[in-house]
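In each ligand, atom 1 is the first atom listed, and ligand 1 is the first ligand listed.
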Amino acid sequence: MDETMRAAAMLREARHVVVFTGAGMSAESGVPTFRDDLTGLWSRYDAQRLATPEAFRDDPDLVWGWYRWRAARVRAARPNPGHVAVAALETRVPTLTLITQNVDDLHERAGSSCPIHLHGSLFAPRCAGCARPFPAELATADVEPAEGRRIAPPRCAICADAIRPGVVWFGELLPEDALAAAYDAATACDLALTIGTSGVVYPAAEIPRIAARSGAPVIQINPERSALDASCDLNLRGGAATLLPALLRTAWHTP
Ligand code: BJW
Ligand code: ZN
């Protein structure tokens with residue numbers, strides 16, 4: 001039996017599937033990953049200058065402008081057939097928990113019901129001081145974003161502190177409820193799929209490893225080797241937008 005057939009058989013028999021996604025899930029929608037050699041964001045930008053609380057404190061206009069540009073790119077992107085397949089899988093298996101590290105909204109726009117966002121969202125700005133949510137439409141009302149354009153963040157109407165992106169930066173804690181729900185699902189599931197992640201950023205990278213330690217087989221979809229290879233029972237090498245629809249077609253004999 002080839003690997004796709006084996007993966008399809010595992011999917012068909014599973015009762016609780018955890019789907020864990022990273023930036024590679026959205027790569028074929030035109031949203032850049034972080035660590036791919038030529039196209040990843042960290043090949044062109046310094047994470048320490050953009051994705052830490054210190055970076056925002058030191059140069060809020062640089063950081064806010066960069067996130068506004070990324071949010072505009074995501075808004076112009078469309079879910080790819082991989083996102084659509086993940087949403088369809090939810091209707092095929094008894095229980096599915098979708099856990100994403102992605103800060104885009106492409107899973108939701110493909111029809112997935114309630115992804116757990118471990119690293120926050122590009123579309124949920126909040127006050128850096130009092131943490132009150134800030135209306136996303138007000139956050140985008142001023143300057144047109146463009147690559148490299150600095151934009152001053154709006155100010156909180158209550159405490160006058162700067163509004164920041166609602167994402168999780170290096171050195172920050174992940175949302176407690178989201179992480180607890182993700183750990184619970186990884187412990188309880190009987191099959192995990194890890195899709196398009198390098199598996200190097202913790203604590204998120206624990207999710208497939210917890211599933212493996214709890215006895216669930218883990219299937220990986222990634223065109224390249226990753227830090228998760230050794231924790232996976234099956235490594236399907238290819239892009240999410242091609243392999244996921246093929247996997248569903250094989251599992252449920254749909255056209
Ligand atoms: C395809 C494809 C296609 C391409 N189809 N696939 C334990 C050990 C060591 C360090 C730490 C540790 N615990 C904590 C840390 C520190 C740190 C960390 O992990 N650092 C490591 C990098 C060394 N973690 C943290 O700081 C976290 N906070 C925390 O732990 O708090 C407590 C604490 C604080 C301080 C000290 C100790 C504890 C917070 C992490 C926040 C991560 N934030 C970011 C940015 C979000 C905002 C933004 O978007 O700007 O999240 S970093 C970035 O990496 C982003 C991603 O969600 C995350 C993961 O990346 P991902 O998704 O895996 O993308 P890539 O690019 O790495 O991989 C893409 C993959 O896709 C590749 O494999 C491709 O091959 C593949 N691919 N095309 C399928 N078509
Ligand atoms: Zn405030």
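- At least one N/O-N/O distance between Asn222 and ligand 1 falls below 3.5 Å.
- Proximity of Leu191 to Leu11: side-chain heavy atoms (C-beta onward) are separated by under 4.5 Å at one or more points.
- No N or O atom of Trp169 sits closer than 3.5 Å to an N or O atom of ligand 1.
- Across all non-hydrogen atoms, the minimal contact from Ala227 to Arg209 is O-NH2, 3.1 Å.
- Considering NE2 of His107 and CD of Glu90, their distance stands at 11.0 Å, rounded to 0.5 Å.
- Below 4.0 Å from some heavy atom of Thr33 lie the following atoms of ligand 1, by number and element: 66 (O).
- Remark: ligand 1 and Val168 share an N or O pair separated by less than 3.5 Å (distance only, no angle test).
- For Val167, every heavy-atom contact with ligand 1 shorter than 4.0 Å involves the side chain, none the backbone.
- Only side-chain heavy atoms of Tyr67 come within less than 4.0 Å of ligand 1; its backbone N, CA, C and O stay farther off.
- Among the atoms of Phe170, none of the N or O lies under 3.5 angstrom from an N or O of ligand 1.
- In terms of hydrophobic clustering, with Ile, Leu, Val, Met, Phe, Trp and Tyr side chains grouped at heavy-atom distances under 4.5 Å, Ile163 and Val167 are assigned to different clusters.
- Placement of Ile116 and Leu179 within a single hydrophobic cluster is found when ILVMFWY residues are connected by side-chain heavy-atom separations under 4.5 Å, directly or transitively.
- Listed by number with element, the atoms of ligand 1 under 4.0 Å from a non-hydrogen atom of Glu28 are 3 (C), 5 (N), 80 (N).
- For the atom pair Ile99 CD1 and Thr197 OG1, the distance stands at 12.0 Å (nearest 0.5 Å).
- When distances from atom 40 (C) of ligand 1 to the protein are checked, a heavy atom turns up under 4.0 Å.
- With ligand atoms numbered from 1 in the order given, ligand 1 contributes 62 (O) to contacts under 4.0 Å with heavy atoms of Gly22.
- The aromatic rings of Tyr45 and Trp69 lie tilted to each other, with the angle between the two planes from 30° to 60°.
- Remark: Cys156 SG to Ile158 CD1 distance equals 5.5 Å, nearest 0.5 Å.
- The CG atom of Asp58 sits 11.5 Å away from the CD atom of Gln48 when rounded to the nearest 0.5 Å.
- In this structure, atom 10 (C) of ligand 1 has its sub-4.0 angstrom surroundings free of protein heavy atoms.
- Of the protein's non-hydrogen atoms, the one nearest atom 58 (C) of ligand 1 is Val201 CG2, 3.8 Å.
- Residue Pro223 holds the heavy atom nearest to atom 79 (C) of ligand 1 of all those in Pro223, Ser121, Ala227.
- With a 4.0 Å cut-off on non-hydrogen atoms, Val103 touches ligand 1 through its side chain and not its backbone.
- Protein heavy atoms are found inside the 4.0 Å sphere centred on atom 46 (C) of ligand 1.
- By heavy-atom distance, the residue among Ala205, Ser26, Gly24 lying nearest atom 77 (N) of ligand 1 is Gly24.
- In Gln101, the parts holding a heavy atom less than 4.0 Å from any atom of ligand 1 are both the side chain and the backbone.
- Met25 does not count as a contact of ligand 1, since none of its heavy atoms falls under 4.0 Å from the ligand.
- With ring centers used as reference points, Trp64 lies 6.0 Å or more from Phe56.
- A distance of 5.0 Å separates CD1 in Ile221 from CD1 in Ile195, rounded to the nearest 0.5 Å.
- Between Trp66 and ligand 1, no N or O atom pair is found at a separation short of 3.5 Å.
- Contacts between Arg35 and ligand 1 below 4.0 angstrom, taking non-hydrogen atoms only, involve backbone and side chain alike.
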Next item on the list: Check step by step if side-chain contact (heavy atoms from CB on, under 4.5 Å) holds for Arg237 and Asn235.
Entry: CA-CA 6 Å; Arg237 301 276 181 228; Asn235 285 299; 4.0 Å; yes
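- For atom 8 (C) of ligand 1, the nearest protein heavy atom (residue, atom name, distance) is Tyr202 CD1, 4.1 Å.
- The nearest protein atom to atom 35 (C) of ligand 1, hydrogens excluded, is given as Gly171 CA, 3.9 Å; this is a heavy-atom distance.
- In the vicinity of Val200, heavy-atom distances shorter than 4.0 Å reach the ligand 1 atoms 19 (O), 21 (C), 22 (C).
- At least one protein heavy atom sits closer than 4.0 Å to atom 56 (C) of ligand 1.
- The cationic atom of Arg164 (NZ for Lys, CZ for Arg) lies less than 6.0 Å from the six-membered ring centre of Trp169 and within 45° of the ring axis.
- Checked by distance only, ligand 1 and His119 come closer than 3.5 Å through their nitrogen or oxygen atoms.
- The pair Glu147-Arg44 meets the salt-bridge criterion, since a charged nitrogen lies less than 4.0 angstrom from a carboxylate oxygen.
- Within 6.0 Å of atom CG in Asp46, more than 12 heavy atoms from other residues, nucleotides or ligands are found, so the atom counts as buried in its surroundings.
- Comparing heavy-atom distances from atom 78 (N) of ligand 1 across Ser226, Ala27, Pro32, Ala240 singles out Ala27 as nearest.
- Heavy-atom contacts of Gly239 reach the following atoms of ligand 1: 3 (C), 5 (N), 80 (N) (cutoff under 4.0 Å).
- Taking 4.0 Å as the cut-off between side-chain N and carboxylate O, Arg126 and Asp161 do not count as a salt-bridged pair.
- A donor-acceptor contact closer than 3.5 angstrom links the side chains of His83 and Ser26.
- Looking at Gly82, Gly196, Ala23, Gly120, it is Gly196 that brings a heavy atom closest to atom 71 (O) of ligand 1.
- For Pro203, the heavy-atom gap to ligand 1 drops under 4.0 angstrom.
- In this structure, a donor-acceptor pair under 3.5 Å is present between the side chains of Thr33 and Asp36.
- For atom 3 (C) of ligand 1, a protein heavy-atom neighbour is found at a distance under 4.0 Å.
- Comment: Arg92 does not engage Glu13 in a salt bridge, judged by the lack of any side-chain N to carboxylate O separation of less than 4.0 angstrom.
- Protein heavy atom in closest approach to atom 49 (O) of ligand 1: Arg70 NH2, 2.7 Å.
- Atoms of ligand 1 found under 4.0 Å from any heavy atom of Glu224, numbered from 1 in the order shown, are 75 (O).
- At the shortest separation from atom 32 (C) of ligand 1 among protein heavy atoms lies Leu173 CD2, 3.7 Å.
- Within the listing of ligand 1, atoms 49 (O), 53 (C), 55 (C), 56 (C), 60 (O), 64 (O), 66 (O) sit less than 4.0 angstrom from a heavy atom of Phe34.
- For atom 37 (C) of ligand 1, no protein non-hydrogen atom is found at a distance below 4.0 Å.
- Any N or O atom pair closer than 3.5 Å counts here, and Glu172 shares at least one such pair with ligand 1.
- Remark: Asp104 CG to Thr21 OG1 distance equals 8.0 Å, nearest 0.5 Å.
- At a threshold of 4.0 Å, the pair Arg213-Glu206 counts as salt-bridged, since one of the basic side-chain nitrogens sits closer than that to a carboxylate oxygen.
- Rounded to 10°, the angle formed at the Zn ion (ligand 2) by SG of Cys156 and SG of Cys130 is 110°.
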